[in-house]
Visitor: 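Here it is, the structure, as structure tokens.
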Amino acid sequence: MNLTHTNNALTFILTLSFALLGVSFALGANPNTLITTFSFYELDTLLSVNALGLLTGSAMIALAATTFAAHLKLIKPMPALILALVVSIVPLLTLFASNRWMAQLGGFPVIGSGQGIIKYFAIIPLYLFLFYKNKLTDKQHVLLNFIPVAMVLLWIGGMKFYEFEAKAIVGLVETSPFMSWLYTVFSVQGASNVIGGFDVLFAVLLGTGILLNNKKLIIVSGLACLSVFLMTQTFLITANGAFSSSTLLERLGQFVIKDLWYVGNLIVIATLMLFKPAK
């Protein structure tokens with residue numbers, strides 16, 4: 001995989017994901033997320049849910065368009081980077097809101113509605129690599145792209161050891177032809193522990209491989225991490241509540257499609273650690 005292939009793959013992932021998210025929000029999907037997000041800024045009292053959906057959707061569609069245009073060098077990349085900052089920072093700041101955390105389970109680091117929010121950490125490293133690669137060293141790009149991967153796998157993977165999370169993923173696991181067998185071997189909590197242990201183990205091993213510059217370890221752990229994010233994409237087909245005839249993506253679909261960003265993070269890591277991109 002050379003640098004051109006990597007850039008093409010990242011552009012496809014970013015353009016596709018933001019176009020789908022943008023259209024779904026504009027059509028009225030996931031109003032609870034909009035209210036929860038914009039209530040943090042007290043905008044939910046100034047604008048209707050429909051208006052908030054159009055605002056959010058328009059920003060994401062514009063980001064998809066500017067990303068593609070910048071990749072083709074039709075425009076400068078700065079508008080895409082600015083939009084990416086806005087689209088990611090607006091939801092990320094709401095992590096400071098108490099309603100994102102599960103206070104009854106000790107709050108931090110147990111996260112509730114913020115599970116989908118922490119995924120926005122993956123965006124900016126991708127744009128920095130795609131359009132401003134020479135502004136940072138390869139080691140810095142690898143670190144910036146590893147951090148969100150490690151964060152989501154350690155954080156959400158760690159939550160799998162809690163009963164509430166084990167029960168929450170039953171609908172996903174039992175409908176998956178790739179994972180439903182876990183419930184024939186393990187209990188609900190046991191299966192969740194296996195999934196969480198897998199996530200945490202290979203996140204740690206990937207970090208170790210990067211630290212030691214061990215290509216074999218990076219390949220094995222990187223493929224394992226990649227399998228996690230590719231597996232979640234199958235939920236778009238197997239699980240209920242992913243697609244909607246009226247809004248394209250529903251809440252689950254929006255949650256799952258964000259994992260494509262982590263595929264992009266892993267592609268960057270592989271490109272810089274396993275291959276020698278052309279300058």
Visitor: With a 4.5 Å cut-off on side-chain heavy atoms, are Phe164 and Met102 touching?
Guide: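 Sidechains of Phe164 and Met102: in contact.
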
Visitor: Find out if a path of hydrophobic residues (ILVMFWY) with successive side-chain heavy-atom gaps under 4.5 Å connects Leu143 to Leu211.
Guide: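 Different clusters: Leu143 never reaches Leu211 through Ile, Leu, Val, Met, Phe, Trp or Tyr contacts under 4.5 Å.
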
Visitor: How far apart are the closest heavy atoms of Arg100 and Leu95, and which atoms are they?
Guide: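 Looks like CG-CA, 4.1 Å.
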
Visitor: Is any side-chain heavy atom of Leu34 closer than 4.5 Å to one of Phe25?
Guide: yes

Visitor: Would you please name every residue forming a salt bridge (charged side-chain N to carboxylate O under 4.0 Å, His left out) with Glu165, sequence neighbours left out?
Guide: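 If we apply the salt bridge (charged side-chain N to carboxylate O under 4.0 Å, His left out) test to Glu165, skipping adjacent residues, the hits are Lys160.
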
Visitor: Quick one: does Thr234's side chain have a donor or acceptor within less than 3.5 Å of a partner on Met231's backbone?
Guide: yes

Visitor: Would you call Met151 and Ile156 a side-chain contact if the rule is heavy atoms closer than 4.5 Å?
Guide: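 When only atoms from C-beta onward are counted, Ile156 and Met151 do not touch, as no gap falls below 4.5 Å.
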
Visitor: Could you walk me through whether Tyr41 and Thr94 pass the side-chain contact (heavy atoms from CB on, under 4.5 Å) test, one step at a time?
Guide: CA-CA 9 Å; Tyr41 301 97; Thr94 67; 4.0 Å; yes

Visitor: How long is the span from the CD1 atom in Ile210 to the CD1 atom in Ile269, to the nearest 0.5 Å?
Guide: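 Taking CD1 in Ile210 and CD1 in Ile269, the distance rounds to 4.5 Å.
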
Visitor: Has Ser39 got a side-chain atom pairing as donor or acceptor with Thr36's backbone, closer than 3.5 angstrom?
Guide: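 The answer is yes, because a donor-acceptor pair under 3.5 Å joins these two groups.
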
Visitor: Checking side-chain contact (heavy atoms from CB on, under 4.5 Å) for the pair Tyr132/Leu81: CA distance, chi angles, key distance, verdict?
Guide: CA-CA 10 Å; Tyr132 298 95; Leu81 179 61; 3.6 Å; yes

Visitor: Check whether Ser192 reaches the backbone of Val188 with its side chain - one donor and one acceptor, N or O, closer than 3.5 Å.
Guide: no

Visitor: Tell me, please, which residues at least two apart from Tyr262 pass ring-ring contact (aromatic ring centres under 6.0 Å, His included).
Guide: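 Tyr262 satisfies ring-ring contact (aromatic ring centres under 6.0 Å, His included) with Phe229 once adjacent residues are dropped.
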
Visitor: Check the pair Leu252 / Leu172 against side-chain contact (heavy atoms from CB on, under 4.5 Å), numbers first and verdict last.
Guide: CA-CA 10 Å; Leu252 175 61; Leu172 300 177; 3.8 Å; yes

Visitor: Taking the side chain as every heavy atom from C-beta outward, state whether Val268 and Val142 have any pair of such atoms under 4.5 Å apart.
Guide: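 With C-beta onward as the side chain, the pair stays apart.
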
Visitor: Donor-acceptor pair, Ser24 side chain versus Leu21 backbone, under 3.5 Å?
Guide: yes

Visitor: So, for Leu206 and Ser221, which heavy atoms are closest and what is the spacing to 0.1 Å?
Guide: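 Closest heavy-atom pair between Leu206 and Ser221: CA-OG, 3.2 Å.
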
Visitor: When you measure from the side chain of Ser227 to the backbone N and O of Ala224, does any donor-acceptor pair fall under 3.5 Å?
Guide: yes

Visitor: Under 3.5 Å, is there a donor-acceptor pair between the side chain of Thr247 and the main chain of Glu250?
Guide: no

Visitor: By side-chain hydrogen bond (donor to acceptor under 3.5 Å, both in side chains), which residues pair with Asn240, not counting sequence neighbours?
Guide: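 Here no residue qualifies.
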
Visitor: So does Gln233 have more than 12 non-hydrogen atoms from other groups sitting under 6.0 Å from CD?
Guide: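 Yes - once you tally the heavy atoms of other residues, nucleotides and ligands closer than 6.0 Å, there are more than 12.
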
Visitor: Any chance you could measure Leu47, atom CG, to Leu43, atom CG, to the nearest 0.5 Å?
Guide: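 If we round to the nearest 0.5 Å, Leu47:CG and Leu43:CG are 6.0 Å apart.
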
Visitor: If every non-hydrogen atom of Ile111 is compared with every non-hydrogen atom of Gln115, which pair is closest and at what distance?
Guide: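 Looks like CG2-CG, 3.8 Å.
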
Visitor: Partners of Tyr127 by side-chain hydrogen bond (donor to acceptor under 3.5 Å, both in side chains), sequence neighbours excluded?
Guide: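 In terms of side-chain hydrogen bond (donor to acceptor under 3.5 Å, both in side chains), with neighbours along the sequence ignored, Tyr127 is linked to Thr67.
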
Visitor: With clusters defined by side-chain heavy atoms of hydrophobic residues (ILVMFWY) lying less than 4.5 Å apart, directly or transitively, does Val23 cluster with Phe68?
Guide: no

Visitor: Looking at side-chain heavy atoms only, is the closest gap between Leu93 and Phe96 below 4.5 Å?
Guide: yes

Visitor: Who are the side-chain hydrogen bond (donor to acceptor under 3.5 Å, both in side chains) partners of Gln140, not counting sequence neighbours?
Guide: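 Partners of Gln140 by the side-chain hydrogen bond (donor to acceptor under 3.5 Å, both in side chains) criterion, ordered by chain and then number, come out as Thr137.
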
Visitor: Hey, what do you get for NE2 (His5) to OG1 (Thr271), rounding to the nearest 0.5 Å?
Guide: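 Taking NE2 in His5 and OG1 in Thr271, the distance rounds to 10.5 Å.
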
Visitor: Counting neighbours of CZ on Phe161 that are heavy atoms of other residues, nucleotides or ligands and sit closer than 6.0 Å, is the number greater than 12?
Guide: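 Atom CZ in Phe161 is crowded, with more than 12 foreign heavy atoms closer than 6.0 Å.
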
Visitor: Apply side-chain contact (heavy atoms from CB on, under 4.5 Å) to the pair Lys119 and Phe255, showing each step before the final yes or no.
Guide: CA-CA 9 Å; Lys119 295 185 178 185; Phe255 180 80; 3.5 Å; yes

Visitor: Are Asn145 and Leu272 side-chain neighbours, meaning at least one heavy-atom pair lies under 4.5 Å?
Guide: no

Visitor: Using the rule that Ile, Leu, Val, Met, Phe, Trp and Tyr join whenever any side-chain heavy atoms are under 4.5 Å apart, tell me whether Leu54 and Leu63 fall into a single cluster.
Guide: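 Leu54 and Leu63: separate clusters.
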
Visitor: Under a single-linkage rule joining Ile, Leu, Val, Met, Phe, Trp and Tyr whose side-chain heavy atoms are separated by less than 4.5 Å, which residues share a cluster with Val204?
Guide: Leu154, Val200

Visitor: CD1 of Ile218 to CG of Leu223: how many Å apart, nearest 0.5 Å?
Guide: 11.5 Å

Visitor: Would you mind reporting whether Phe18 and Ile61 have side-chain heavy atoms less than 4.5 Å apart?
Guide: no

Visitor: Report the residues that fulfil ring-ring contact (aromatic ring centres under 6.0 Å, His included) with His141, sequence neighbours left out, ordered by chain and then residue number.
Guide: Phe129

Visitor: Of the non-hydrogen atoms in Trp181 and Phe178, which two are nearest, and what is the gap between them?
Guide: NE1-O, 2.9 Å

Visitor: Show me the pairs that pass ring-ring contact (aromatic ring centres under 6.0 Å, His included) and involve residues 182-212, at least two apart or across chains.
Guide: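 Listed once each, the pairs are Phe198-Phe202.
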
Visitor: Using side-chain heavy atoms (C-beta onward) and a distance below 4.5 Å, is Ile195 in contact with Met179?
Guide: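 Heavy-atom side-chain distance check passes, below 4.5 Å.
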
Visitor: Applying salt bridge (charged side-chain N to carboxylate O under 4.0 Å, His left out), can you list everything that pairs with Lys258, at least two apart in sequence or on another chain?
Guide: none

Visitor: Where do Cys225 and Ala203 come nearest, in terms of heavy atoms and distance?
Guide: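 Closest approach of Cys225 to Ala203: SG-N, 4.1 Å.
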
Visitor: Is there a path of hydrophobic side-chain contacts, each under 4.5 Å between heavy atoms of I, L, V, M, F, W or Y residues, that connects Val256 with Leu16?
Guide: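 Looking at the clustering, Leu16 is in the same group as Val256.
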
Visitor: Centres of the Tyr120 and Trp261 rings: under 6.0 Å?
Guide: yes

Visitor: Testing Thr15, Asn8, Thr66 one by one against His71 for a side-chain hydrogen bond (donor to acceptor under 3.5 Å, both in side chains), which residue passes?
Guide: Asn8

Visitor: As an exercise, state the distance from CZ of Phe131 to CG of Leu10, rounded to the nearest 0.5 Å.
Guide: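 Result: 9.5 Å between the selected atoms.
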
Visitor: Nearest heavy-atom pair of Glu42 and Thr45: which atoms, and what distance?
Guide: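 Taking Glu42 first and Thr45 second, the nearest heavy atoms are O-OG1, 3.4 Å.
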
Visitor: Could you measure the distance from the CG atom of Leu128 to the CD1 atom of Ile123? Nearest 0.5 Å is fine.
Guide: 12.0 Å

Visitor: Just to verify, what does Asp199 make a salt bridge (charged side-chain N to carboxylate O under 4.0 Å, His left out) with, not counting sequence neighbours?
Guide: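 With neighbours one apart ignored, the set is empty.
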
Visitor: Go through the structure and list residues passing side-chain hydrogen bond (donor to acceptor under 3.5 Å, both in side chains) with Thr56, not counting sequence neighbours.
Guide: none

Visitor: Could you see if Leu130 belongs to whatever hydrophobic cluster contains Ile75? Use Ile, Leu, Val, Met, Phe, Trp, Tyr and a side-chain cutoff under 4.5 Å.
Guide: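 As far as the 4.5 Å side-chain criterion goes, Ile75 and Leu130 are not connected within one cluster.
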
Visitor: List for me each residue that meets salt bridge (charged side-chain N to carboxylate O under 4.0 Å, His left out) alongside Glu174, sequence neighbours excluded, and say none if there are none.
Guide: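 Glu174: no salt bridge (charged side-chain N to carboxylate O under 4.0 Å, His left out) contacts found.
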
